[in-house]
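Accompanying notes for the structure given below.
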Amino acid sequence: MTNGQTVGNNVTFDVLVRGGVIFDGTGRPGYRADIGIADGRIRVIGDLAAAQARTEVDAAQRYVLPGFIDAHVHGEGAVLDPAVQLATLRQGVTTFVLGQDGLSFAPATPAALRWVARYFAAVNGPVPSVLTCSDNGLTVAELMSCYHHTTAINTAYLVPHGTIRYSVMGGSPLPPDAEQLAAMVALAEQGLDQGAVGVSSGLGYLPGRFADAEELGAVCVPAARRGLPYVTHMRTYGDAADKGMSEACAVGRISGAAVHISHYHGPGEMLAGLVDTARATGQDVTFDTYPYLRGCSILAKMLPDWLATADLDGTLEALSDRAVRELLDTQIDERLWHAFILAHVPAGRYRWAEGLPLDIAAAWAGVRPAAFCADVLVESALDVGIVFDYPERALEESVRCLLRHEAHMGGSDGIYLGGRPHPRGYGAFARMLSRHCRELGDWTWVDAGVHLAARPAQRFRLTDRGVLARGKAADLVVIDPRTIRDRATYAAPREPATGIDDVIVGGVPVLAGGRRTGRLPGTVLSAC
């Protein structure tokens, strides 16, 4: 069960991982072997007892898996943060797929970049300071260049539909005319030419909510030609996920692109059935999930459509109007105010409210919830993040049902901003391994390698990653199956996981003994 030979003592590797049980991502059973790494690649898997190495990792009593790929994460700025890198590596994640929900930093005109940076500030964080936006805007190539050997984690990127729509049409809610649509397609083509691994949409956000299936399908044609997916934050989830799935599949049929559903959540059996039905008709549909019963987003997304407009200054002005606040008070169910837990409030005046349900924070401030919501948004210039309870049936059995599905892959949907971020960014992958693999048996360790590494690598055509095999890039994680556990909670969301102390990215140890080595081999991955 090895793909190497016994090697004599005249061979020296850069890194030698000794004695681990290997679950290689191919779906075959685990087997015990050594792994010899040189020049960033796996050179031998076999008996290397007589070989030498500059660095050795004792993996006895531990499992060795391919580095995990986070199929949905908001780490545009966070991936450069050493603390986030540590939390990520402690979960075994070696690659972030960025550009999610149709909103990121490129390709963008200067106006679009400024707008996205404001509107999605509580999700993506600020534009990396090393970037300079020219008069022509920011390209995918320029954005991706800032991640090359500046972080310990690899990155891949999706062309964000909402950003290119704003670049061409501003905040207009109208359908694009032929010239505008051609310009959007050209931007998608350019981004894919520069290495993006698909196209994403965010149909619950602006300006993506203005798009229809025909527009989205046209923008995804360049992705389809390259065998790359359409990745969507659907218009509807939960009990209404059938409508969202129907639209996503329509985009897939129009464009010819495979369809990938982001952070799929709701009644498990119903949602699994929707995927099965689509796949039975010949559509290539996959999805990612995270193992929690709460979500996280921007507070502005929860405003009524008439108030949450693409005119951000107009929205702020309206929120300052007493009549608007009174109307808002009548239009949002009071139970929802309790479901909105403030996660990220940068305004110093209201930072004390982080971690509190919005209605309780409002009571402490002595005002109605709608007024408090407006005050916080105005003071923070809309840069407010929330954790929230899903209004639909969010049950652990639904989470487990989706995790077990053959089209599933892991995604944290990690958002790293604020004093009380959702713990998923710091614990999702460790939780899948500890609770759902070791404790509940939803997966075997063979399954874990497939769901968390091989399948996302296949979806985004990252063919050099996702499995452990001779000649592949050496991204791998060494796991103690007895102690792997997530420690991040809603009350203490930044606690790092335990049980993963050694991680190698591109043949370079980036986590050793549970500590960052300080080396930054992370590179930008493109489809191949």
Side-chain angles (χ1 to χ4, degrees), residues 73-84 86-87 103 114 116-129 205 292 294-303 307-308 312-313 315-322 324-325 328-329 332 334 336-389 412-427 487-496:
V73 60
H74 297 282
E76 272 78 346
V79 73
L80 300 173
D81 182 344
V84 172
L86 176 63
L103 292 164
R114 288 191 297 269
V116 170
R118 286 183 64 192
Y119 177 67
F120 230 38
V123 175
N124 288 340
V127 179
S129 59
Y205 296 106
Y292 297 88
R294 290 178 175 177
C296 183
S297 187
I298 57 175
L299 180 57
K301 179 177 181 286
M302 308 305 174
L303 297 174
L307 183 54
L312 303 183
D313 290 330
T315 298
L316 288 171
E317 184 177 351
L319 286 168
S320 301
D321 187 294
R322 180 176 177 179
V324 168
R325 293 173 178 226
L328 184 62
D329 202 25
I332 294 184
E334 288 202 9
L336 290 180
W337 293 124
H338 190 71
F340 299 163
I341 301 167
L342 293 162
H344 168 62
V345 184
R349 180 182 172 191
Y350 291 109
R351 196 164 294 152
W352 57 266
E354 289 182 333
L356 294 175
L358 199 143
D359 62 344
I360 292 177
W364 285 16
V367 297
R368 293 282 297 166
F372 187 79
C373 172
D375 286 340
V376 169
L377 285 169
V378 169
E379 192 75 15
S380 301
L382 300 179
D383 181 8
V384 180
I386 57 170
V387 171
F388 55 87
D389 293 320
S412 70
D413 202 3
I415 296 173
Y416 301 93
L417 302 167
R420 288 291 185 88
H422 196 298
R424 63 196 185 190
Y426 300 82
R487 297 170 61 237
T489 65
Y490 292 102
R494 286 199 172 91
E495 291 296 316

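Start at 1 with the first residue, then count along the sequence.
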Could you measure the distance from the [atom1] atom of [X] to the [atom2] atom of [Y]? Nearest 0.5 Å is fine.
X    : Y    : atom1 : atom2 : value
L328 : D321 : CG    : CG    : 11.5 Å
L299 : L358 : CG    : CG    : 6.5 Å
N124 : Y119 : CG    : OH    : 12.0 Å
F388 : K301 : CZ    : NZ    : 6.0 Å

Handout entry: D389 backbone acceptor or donor facing R294 side chain under 3.5 Å
Key =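 No.
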
[X]: what forms a side chain to side chain contact (heavy atoms under 4.5 Å, CB included) with it, not counting sequence neighbours?
X    : answer
P126 : none
A117 : V127
P423 : Y292, A488, Y490, P493

Exercise for the section: Pick out which of I386, L417, I415, I341 makes a side-chain contact (heavy atoms from CB on, under 4.5 Å) with C296. Expected result: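 So, applying the side-chain contact (heavy atoms from CB on, under 4.5 Å) to C296 and each of I386, L417, I415, I341, only I415 qualifies.
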
Can you name the closest pair of heavy atoms from [X] and [Y] and give their distance?
X    : Y    : answer
S412 : V73  : OG-CG2, 3.8 Å
G418 : E354 : CA-OE2, 3.9 Å
W352 : A361 : CH2-O, 3.4 Å

Practice task
Sort and list the pairs that fulfil side chain to side chain donor-acceptor pair (under 3.5 Å) and have at least one residue in residues 355-364, not counting sequence neighbours.
Solution key: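 Found H338-D359.
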
Contact between [X] and [Y] at the side-chain level, heavy atoms closer than 4.5 Å - yes or no?
X    : Y    : answer
V123 : L103 : no
Y416 : D81  : no
L336 : P369 : no

Fill in the blank from the handout: The salt bridge (Lys or Arg N to Asp or Glu O under 4.0 Å) partners of R325 (sequence neighbours excluded) come to D375

Practice task
For R118, check salt bridge (Lys or Arg N to Asp or Glu O under 4.0 Å) against everything at least two apart and list the hits.
Solution key: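 Per chain and number, R118 pairs via salt bridge (Lys or Arg N to Asp or Glu O under 4.0 Å) with D313.
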
Could you go through residues 378-385 and list every donor-acceptor pair under 3.5 Å that involves a side-chain atom there, pairing it with any protein atom two or more places apart or in another chain?
unit_1: S380; atom_1: OG; unit_2: V376; atom_2: O; d: 3.1
unit_1: D383; atom_1: OD1; unit_2: A122; atom_2: N; d: 3.2
unit_1: D383; atom_1: OD1; unit_2: H344; atom_2: NE2; d: 3.0

Can you sort out the partners of [X] under side chain to side chain donor-acceptor pair (under 3.5 Å), two or more places apart, ordered by chain and number?
X    : value
D329 : R368
E495 : R487
Y205 : S297

Exercise for the section: Provide the full list of salt bridge (Lys or Arg N to Asp or Glu O under 4.0 Å) pairs with a residue in residues 414-426, sequence neighbours left out, each pair given once. Expected result: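 Output for this query lists D413-R424.
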
Practice task
I would like to know whether L303 and C373 meet side-chain contact (heavy atoms from CB on, under 4.5 Å); could you show each step before the answer?
Solution key: CA-CA 10 Å; L303 297 174; C373 172; 4.3 Å; yes

Exercise for the section: Report the relative orientation of the aromatic rings in F340 and W337; use parallel for angles under 30°, tilted for 30 to 60°, perpendicular for over 60°. Expected result: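 Correct class here is perpendicular.
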
